[in-house]
There are 4 protein chains.
Amino acid sequence: MPKIVDHDQYRKELLTKCFDLFANKGYASVTMRQIAQEIGVSTGTLYHYFPSKQALFWQLYDEFNERDTASMNAVLNNIHTLQERITAIFDYIAQNEDYFFKQFLITSDFYQQQDRTEILANETLKRNYELNRDFVAKALETDDPAVVNFAMCLATGIMVVRLFEGNVVEYDEQAQLFHKMLTLYLQDVSLHESDELPVS
Amino acid sequence: MPKIVDHDQYRKELLTKCFDLFANKGYASVTMRQIAQEIGVSTGTLYHYFPSKQALFWQLYDEFNERDTASMNAVLNNIHTLQERITAIFDYIAQNEDYFFKQFLITSDFYQQQDRTEILANETLKRNYELNRDFVAKALETDDPAVVNFAMCLATGIMVVRLFEGNVVEYDEQAQLFHKMLTLYLQDVSLHESDELPVS
Amino acid sequence: MPKIVDHDQYRKELLTKCFDLFANKGYASVTMRQIAQEIGVSTGTLYHYFPSKQALFWQLYDEFNERDTASMNAVLNNIHTLQERITAIFDYIAQNEDYFFKQFLITSDFYQQQDRTEILANETLKRNYELNRDFVAKALETDDPAVVNFAMCLATGIMVVRLFEGNVVEYDEQAQLFHKMLTLYLQDVSLHESDELPVS
Amino acid sequence: MPKIVDHDQYRKELLTKCFDLFANKGYASVTMRQIAQEIGVSTGTLYHYFPSKQALFWQLYDEFNERDTASMNAVLNNIHTLQERITAIFDYIAQNEDYFFKQFLITSDFYQQQDRTEILANETLKRNYELNRDFVAKALETDDPAVVNFAMCLATGIMVVRLFEGNVVEYDEQAQLFHKMLTLYLQDVSLHESDELPVS
DNA sequence: TATGAATGAGAATTCATTCAT
DNA sequence: TATGAATGAATTCTCATTCAT
């Protein structure tokens, strides 16, 4: 294989390299020349791999949404108690916070590139959300969708609040509080469940 | 004497009129011409009231942060049970969801205009957060900061998830769940408090 | 005469006040707002007295060209020797150098506002030059136009060189040199004149 | 490989092409669009070679100051009498008068782009003046700085007066007059020198 | 007279994109 | 493939001028 470079592989490498740029400055404020410079190619080359700035951005968006799921699933291996699993999730977010910030900002930007209905129809986004949901469901060992959503919203909320307000909230504190509440809630539910079950 | 205009008053009216535009398209994608057209003045007039696009954007940001606080406090009048108060807050968000979406997107944009340390040092932003915090604290009748943060993150999270994913979560469902958990938690705490802190 | 203000008098006062501004920044770089601010009126008032920026500039130009002649003639009163008269002229320029710099820059600017033929046809400018010429002729007590021109070019040249290069030339040094040369030259001429006169 | 262009060479060609434009209309009155049109490129290309209008103007100024020096030195080759050398210089100016007018107007404009102290500190300008001085010193075969300055101011003055007043002065007439005066002066000086400085 | 708000054409500059090499 | 020179429409912002008060 003398001079064969995997076009697609290289394309993904280029994407990786401009992730930060978009996250830090926003779609509209980043120029193709800046991108080219940042990743060390000419604008011509950039256009050789991506037909347009929009396309580049969307590929970036898709690419990163896809990656997360894999790494996330490794987190819960060999962890058995609920408390540990909740802690593991929140720790995972805490340790990759900077990455989540960036991904979040890129998503916000992505959002403003098209109108709302298109966004909500976006397949990658939907699938990504479902994967996250399943992951959380598995972690919490519940399939009550309300509880899963609750956890996801809480985690998202903490991240967002920290992004905009700084360290006014802490992951571990909230993780413990959530564990406590959840435990009490699940106990309470199972208590009433035994009452109600015969009826349903 | 010149044409009689209350300069400051008119400035605020103009701000109001371009709120949606920024929310829908984002700072960098909106042009001053578009703004001028949208609010029905010439670009010259726009610059008569705002020295630059940045300045206009920041004034917009400040102006709306100021307004929110005022309107929010009216919500909790004459509501007495915890359940009702929680419901009131979530209802309030639900009913003004569109506004919150916009304000949130504008904040995201605002974020990308400056570097992180400047953001976190921003006084308006900080004050705004504290006001919201106090509001929630009052609503929940607790001054446990962890609980207040918990509620704020949850509410923020629901809003953000709905913004990006659509109606995958519902406010009232989450409100009820939260109320349930919180009640159980507070009971539990008061139970242990009497055990552990007989002195205080 | 209760509220009668001499319109024309006021107009001239306004002109005086913006002389420096034009000299320092050049016609095109000065805005009507700047002028208005500098002289302490509103733009509306400015337009009340001058129909346009061009008109203002031309009136300014005319006004100052006119003024000079008057003041200049006072200089030579009661001075009798050639040396003293030459010294007086150069001193006069030296002491008003800043003013001449400004007037010169304004003239340069004026020049670029219209094409060359219009400039050379300008009556004010022509008359002004002739007045200067007569003044110098009277000072040198010669009516040899070549000599008069020589003196005028020299004086102009010194001023211009100093404007662009700083103090690389000094007025008094050049005045003395000029006096010396002129004296020798006039002696020489009168010597040959007596030879030639009978012929002509 | 991109389109092959000697960037620097091409840049200088572009400069040459916009010399007249600046000379005729002045810095502030010429627009980048006009320049681009005049020299046959797009505005984008113009900005590809010059970062800003100011930069373009300054490079223009430097470039032409550099060129002059070179061409000027060819003038005095193989000319031996003082009279001939003086005539040569004045002829040179006369024949390139149009060019000097333009260069002079550009310098005037350059002047109004920055404040006086910066101008006087400008290295190119200073060096240029010194080169001219040396050139004149060599032509007049004197190193008396007063005489050199005298000649330079006279030449500058003639040019400026002709620029603003038209053909009221003639180069050759003034050249002859100057030659006559200078000869008489130098004779006189050498006469007294032998009296006063027998030692040296 | 005097004010300054309003206008909109036009300025400098940027930038996604194309294309000759 | 890869380069970067070239393009020109679009952007932010300015400013002479007008006009209601």
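Convention: sequence-line order gives letters A, B, ...; per-chain numbering from 1.
- A straight line from CG of B:D8 to C1' of E:dA5 spans 15 Å, rounded to a whole angstrom.
- Among the protein residues, C:S52 comes within range of the sugar-phosphate backbone only, with heavy atoms under 4.0 Å from sugar or phosphate atoms but none that close to a base.
- Between the C1' atom of E:dA2 and the CG atom of C:L14 lies a distance of 13 Å, rounded to the nearest Å.
- The phosphate of F:dA2 has OP1 or OP2 within less than 4.0 Å of a side-chain N or O from A:Y49.
- Note: A:Y61 and A:F110 have parallel aromatic rings, judged against thresholds of 30 and 60 degrees for the angle between ring planes.
- Here the P atom of nucleotide F:dG4 and the OH atom of D:Y10 are 18 Å apart, to the nearest Å.
- Which of F:dC15, E:dT14, E:dA16 sits closest to the side chain of C:T31 comes down to F:dC15.
- Checking C:M32 against D:L46, the closest nucleotide of DNA chain F that is more toward the 5' end is the one next to D:L46.
- Between D:Q34 atom CD and E:dT13 atom P the separation is 15 Å, expressed in whole Å.
- Residue C:T45 has its side chain nearest to E:dT3 when only F:dT3, F:dT17, E:dT3 are considered.
- A straight line from CD1 of D:I35 to C1' of E:dA11 spans 12 Å, rounded to a whole angstrom.
- Aromatic ring orientation, A:F22 versus A:Y27: parallel (interplanar angle below 30°, classes split at 30° and 60°).
- A cation-pi geometry, defined here as NZ or CZ lying under 6.0 Å from the six-membered ring centre and within 45° of its normal, does not hold between A:K102 and A:F19.
- To the nearest angstrom, P of F:dT12 lies 15 Å from CZ of B:F50.
- Taking a pair to require two hydrogen-bonding distances under 3.5 Å in either a Watson-Crick or a G-U wobble arrangement, F:dT3 pairs with E:dA20.
- Closest to the B:R33 side chain, of the nucleotides E:dG4, F:dA6, E:dG10, is E:dG10.
- Between the NE2 atom of D:H7 and the P atom of F:dT3 there is a distance of 18 Å, rounded to whole Å.
- Comparing B:Y27 and D:V41, the nucleotide of DNA chain F nearest to each residue sits closer to the 5' end for D:V41.
- In terms of phosphate contacts, D:S42 brings no side-chain nitrogen or oxygen within less than 4.0 Å of OP1 or OP2 of F:dG8.
- At least one test fails for A:K12 against the ring of A:Y49: distance under 6.0 Å to the centre or angle within 45° of the axis.
- Nearest nucleotide to the side chain of C:Y47, out of F:dT17, E:dT7, F:dT1: F:dT17.
- Rounded to a whole Å, the CD atom of B:E13 is 15 Å from the P atom of E:dA5.
- D:K17 has no carboxylate O lying under 4.0 Å from a charged side-chain N of D:E13, or vice versa, which leaves the two without a salt bridge.
- Residue whose closest nucleotide on DNA chain E sits further toward the 5' end, between C:H48 and A:P51: C:H48.
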